[in-house]
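Below is one structure, written out as structure tokens, with a few remarks after it.
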Amino acid sequence: MSAAPEPRPSNFLRDIIAEDVKSNKHGGRVQTRFPPEPNGYLHIGHAKAICLDFGLADEFGGHTNLRFDDTNPEKEDVEYVESIKNDVNWLGFKWDGLYYASDYFGQLYEWAVKLLKDGKAYVDDSSAEEIRKNRGTLTEPGKDSPYRNRSVEENLNLFERMRAGEFPDGSRVLRAKIDMASPNLNMRDPVMYRILHAEHHRTGNKWCIYPMYDFAHGQSDSLEKITHSMCSLEFADHQPLYNWFIEQLGIFPSRQIEFDRLSLTYTMMSKRKLRQLVEEGRVSGWDDPRMPTLSGMRRRGYTPEAIRNFVTAAGVSRTNGIVELAMLEHFVREDLNKRSLRVMAVLHPLKVVIDNYPENQVEEMDAVNNPEDASAGTRKVPFSRVLYIEQDDFREDPPKGYFRLSPGREVRLRYGYFITAKSVVKNDDGDVVEIHCTYDPATRGGNAPDGRKVKSTIHWVSAAHAVDAEVRIYETLFSKENPDDVEEGGNFTENLNPLSLEVIASAKLEPSLAGAAAGNRYQFERLGYFCVDPDSVNQDSKPGKPVFNRTVALKDTWAKVEKKQGGKTQ
RNA sequence: UGGGCCGUCGACUAAUGGUAGGUCAAGUGCCUUUGGAGCACUUUGUCUAGGUUCGAAUCCUAGCGGCCCAGCCA
């Protein structure tokens, strides 16, 4: 945490909470909750909710619970609850209470009985189809169910038998008796309980009826004395129902406040569709580095700080917009720039032989680890007669404005020497496979005593000392800004970007990278930020061939200039 | 002639009814042993029409446009 308080742009959520604290509502107490359903992994969209729920409570000295909204046993699993806990912690938050909606099944049942006794609920024998028909439409009112006016005794008896398992799935539901003509569809006698003979990941087979979201969420908030229950905009239509149950039950009045979801260009935020990608094997798993999941981003090399800064900068409101992926990448670079050790790595090697450099000589050159952080110190990088440079850093026929190596041109090898290209060796296809150069011994370390300038500094790795590595380069998983933008009847998978993963099988790394631990982050100079993938460790838990993920590329002005020139220089 | 929510630079986001600000992007310049980064500067915006008000992005009305809602999902 920095000493100076960060200027926080206010937002309507903070204003509401500040107002409540000021007016001493709930004694000035602030209690929030983050309520994911454990039916998938958390993604960057959840990060916004997490930052809001935890961040806002923290600002006002309040508390935040992590509550699993596990009311649908058919979709939920412990694998997901574990991943969610892990991801929330990784993002940097600690919950005060850890709860499950399933903790409240008993209480919820009692409350349902109370509503039954009060004549505020009834058991409906209609089929799902009939209920749907009688619900009416957006413009026409619904019709009362023929079972709507059963006696309290009959309702109580039927509901008890529903719980006892006497009826098959789908045969009956418990409904709230509100108003079939309400303009708000959620108020047209919403279903409170459905019969589901399914094993729940926590309550096992204890229950065969499960409460719907609407009959569980507000009461769960109430039980936990949540003061500010923040959720996304699509629940705004549910707020009257949220309040209705709380009022009928006469319980603690939690307040629901809606805000807009985070949408990102080129990013799929639907948990259902992300699961589909995993299940169909279109990605390697929930933690595939191309996934927008927190576990995917973690593996990709994103930092929690970068994600938090991004979410804060993107802000919160009630407008429905979409944030550019470039903005996320900006915050990732900003954070990584400060903390990453610089190293040299060649992704597409081109052999360079320095003809006038002694055959068996090796020099240890001093290299700065992080120009942004003097305390990171320096390291030694071996220099020898045969090196690798990037194929992109040499052009036999340089286009206008190209500053790097070309025949007769002198460049600086970073922390090495000035070299001048003299001749090339080509293979049968005419490709340049080797460059012969000379070096100036007076320029050791990259300094020219005579003050002469070179236009370019390029990175390199000594061939004899290079560590071979696999490097995985990622592009967006989808090729369209909106992955759901498909023709009628189309499928979002059509928008999958076929080029989202490029594997470079044999990149050359400077020797300091040998045995780097999984998760370590580096900047490969001039290329981007990379981190060590867990795949670097082989089956026997021994270090194998290093595997690096490219987290994000460096901004590349040259590429931009080149593009602007319309490729005519190519 | 259903209800709810929302319209601010290219994008995103701010402004107790009182100077339309910030970030991203873009551009210009400086600097540079990463053509990175950094630093400085610059450009463009309140959907439309009325109304209330000394004063409206903000409040009201209408229009236009967008999003959400007809799961026994959350």
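Letters go in sequence order (proteins before strands), and every chain restarts at 1.
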5' to 3', nucleotides 64-74 of chain B under a 4.0 Å protein heavy-atom cut-off (B base, S sugar-phosphate only, - none) gives --BBBBBSBSB
Do [X] and [Y] have ring centres separated by under 6.0 Å?
{"X": "Tyr439(A)", "Y": "Tyr417(A)", "value": "yes"}
{"X": "His217(A)", "Y": "Tyr213(A)", "value": "yes"}
{"X": "Phe215(A)", "Y": "Trp111(A)", "value": "no"}
{"X": "His200(A)", "Y": "Phe105(A)", "value": "yes"}

Taking atom [atom2] of [N] as reference, at what distance in whole Å does atom [atom1] of [X] sit?
{"X": "Glu140(A)", "N": "G2(B)", "atom1": "CD", "atom2": "P", "value": "11 Å"}
{"X": "His330(A)", "N": "G38(B)", "atom1": "NE2", "atom2": "C1'", "value": "12 Å"}
{"X": "Ile322(A)", "N": "G7(B)", "atom1": "CD1", "atom2": "P", "value": "18 Å"}
{"X": "Met187(A)", "N": "G2(B)", "atom1": "CE", "atom2": "C1'", "value": "15 Å"}
{"X": "Phe331(A)", "N": "U23(B)", "atom1": "CZ", "atom2": "P", "value": "10 Å"}
{"X": "Arg414(A)", "N": "G36(B)", "atom1": "CZ", "atom2": "P", "value": "12 Å"}
{"X": "Arg333(A)", "N": "U34(B)", "atom1": "CZ", "atom2": "C1'", "value": "14 Å"}
{"X": "Phe530(A)", "N": "G36(B)", "atom1": "CZ", "atom2": "C1'", "value": "13 Å"}

Atom [atom1], compared across [N] and [M]: separation rounded to whole Å:
{"N": "G51(B)", "M": "A56(B)", "atom1": "C1'", "answer": "11 Å"}
{"N": "G22(B)", "M": "A14(B)", "atom1": "P", "answer": "15 Å"}
{"N": "U16(B)", "M": "A25(B)", "atom1": "P", "answer": "28 Å"}
{"N": "C5(B)", "M": "G27(B)", "atom1": "P", "answer": "41 Å"}
{"N": "A74(B)", "M": "A62(B)", "atom1": "C1'", "answer": "37 Å"}
{"N": "C67(B)", "M": "C72(B)", "atom1": "C1'", "answer": "27 Å"}
{"N": "G10(B)", "M": "U44(B)", "atom1": "C1'", "answer": "9 Å"}
{"N": "G55(B)", "M": "G50(B)", "atom1": "P", "answer": "16 Å"}

Which is true for [X] with a 4.0 Å heavy-atom rule: it touches a base, it touches only sugar-phosphate, or it touches nothing?
{"X": "Arg342(A)", "answer": "base"}
{"X": "Gln523(A)", "answer": "base"}
{"X": "Pro240(A)", "answer": "nothing"}

So which nucleotide does [N] pair with, by the Watson-Crick or G-U wobble rule with both distances under 3.5 Å?
{"N": "G71(B)", "result": "none"}
{"N": "A26(B)", "result": "U42(B)"}
{"N": "U61(B)", "result": "A49(B)"}
{"N": "A56(B)", "result": "none"}
{"N": "G35(B)", "result": "none"}
{"N": "G21(B)", "result": "U13(B)"}

**Prompt:** Within 45° of the six-membered ring axis of Tyr99(A) and under 6.0 Å from that ring's centre, is NZ or CZ of Arg33(A) located there?
**Reply:**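 No, cation not above the ring by the 6.0 Å, 45° rule.
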Examine [N]: is either OP1 or OP2 under 4.0 Å from a nitrogen or oxygen in the side chain of [X]? Give yes or no.
{"X": "His459(A)", "N": "U34(B)", "answer": "no"}
{"X": "Arg526(A)", "N": "G36(B)", "answer": "no"}
{"X": "Thr457(A)", "N": "U34(B)", "answer": "no"}
{"X": "Lys555(A)", "N": "A37(B)", "answer": "yes"}

Query raised in the report: For the side chain to side chain contact (heavy atoms under 4.5 Å, CB included) test, which of Thr71(A), Val173(A), Leu108(A), Val123(A) pairs with Tyr193(A)?
Result: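 With Tyr193(A) as partner, Thr71(A), Val173(A), Leu108(A), Val123(A) yield a single side chain to side chain contact (heavy atoms under 4.5 Å, CB included), made by Leu108(A).
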N/O to N/O distances under 3.5 Å, protein versus nucleotides 40-48 of chain B:
none

Does a side-chain N-to-carboxylate-O contact under 4.0 Å join [X] and [Y]?
{"X": "Lys271(A)", "Y": "Glu37(A)", "answer": "no"}
{"X": "Asp221(A)", "Y": "Arg255(A)", "answer": "no"}
{"X": "Asp125(A)", "Y": "Arg150(A)", "answer": "yes"}
{"X": "Arg404(A)", "Y": "Glu390(A)", "answer": "no"}
{"X": "Lys133(A)", "Y": "Glu130(A)", "answer": "no"}

Requested in this report: Could you say whether Thr139(A) or Glu525(A) is positioned toward the 5' end of RNA chain B, judged by the nucleotide with the nearest heavy atom to each?
Outcome: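 The residue whose closest nucleotide sits nearer the 5' end is Thr139(A).
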- prompt: How would you label the glycosidic angle of G27(B): syn (within 90° of 0) or anti?
  reply: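 Anti, since the glycosidic angle lies more than 90° from 0.
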I'd like to know whether Phe548(A) forms a ring pair (Phe, Tyr, Trp, His ring centres under 6.0 Å) with Phe524(A), so could you lay out the CA-CA distance, the side-chain angles of the two residues, the decisive distance to 0.1 Å, and finally the verdict.
CA-CA 11 Å; Phe548(A) 280 80; Phe524(A) 288 2; 5.3 Å; yes
Donor-acceptor pair under 3.5 Å, Arg404(A) side chain vs G35(B) base: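 Checked by distance alone, the answer is yes.
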